[in-house]
Amino acid sequence: GMLAWDYHQGTLLLSRPQKKDISFPLPKGFDRNHMYIDELRDFLKCVKHNAQPKSDGRSGARVLATILAAKHSSKKKGASITPSQNPWKF
């Protein structure tokens with residue numbers, strides 16, 4: 001299958017072979033700016049209190065490795081791919 005994000009319509013479309021597409025709208029009251037405001041608040045709190053952020057570079061690297069493994073899997077016709085510690089290596 002395939003996921004496609006329509007930024008302007010604010011919908012996520014799930015397309016699967018031989019199945020009807022499913023469209024997921026944004027939740028009511030969703031505002032894209034809130035995620036940036038929350039992220040900035042967390043960053044400032046960490047600076048002020050010398051604390052660890054909710055999402056650090058390591059968690060970002062794990063997310064990136066998972067996304068790249070999914071992309072690599074799709075190129076290999078759905079082959080099982082284990083995310084690497086090094087997201088640039090398969």
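Each residue takes its place number in the sequence, starting with 1. Given the structure is predicted, the values throughout are model-derived calculations rather than measurements.
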Any residue meeting salt bridge (charged side-chain N to carboxylate O under 4.0 Å, His left out) with K54, in chain and number order, not counting sequence neighbours: none
Test salt bridge (charged side-chain N to carboxylate O under 4.0 Å, His left out) applied to D21 - qualifying residues, sequence neighbours left out: none
Reported CG-to-NE2 distance for the pair L44 and H49, which is rounded to 0.5 angstrom: 10.0 Å
Interatomic distance, L40 atom CG to K45 atom NZ [nearest 0.5 angstrom]: 12.5 Å
Validation row: [X], [Y] side chains within 4.5 angstrom (heavy atoms):
X   : Y   : result
C46 : F43 : no
L12 : L3  : yes
I22 : R16 : yes

Qualifying side chain to side chain donor-acceptor pair (under 3.5 Å) pairs, either residue in residues 4-13, two or more places apart: none
Within residues 24-44 or reaching into it, pairs that qualify as side chain to side chain donor-acceptor pair (under 3.5 Å) - sequence neighbours excluded: none
ILVMFWY network linking L13 to L26, side-chain heavy atoms under 4.5 angstrom: no
Which residues share a side-chain contact (heavy atoms from CB on, under 4.5 Å) with S73, sequence neighbours left out: I81
For S55, side-chain contact (heavy atoms from CB on, under 4.5 Å) partners two or more places apart: S59
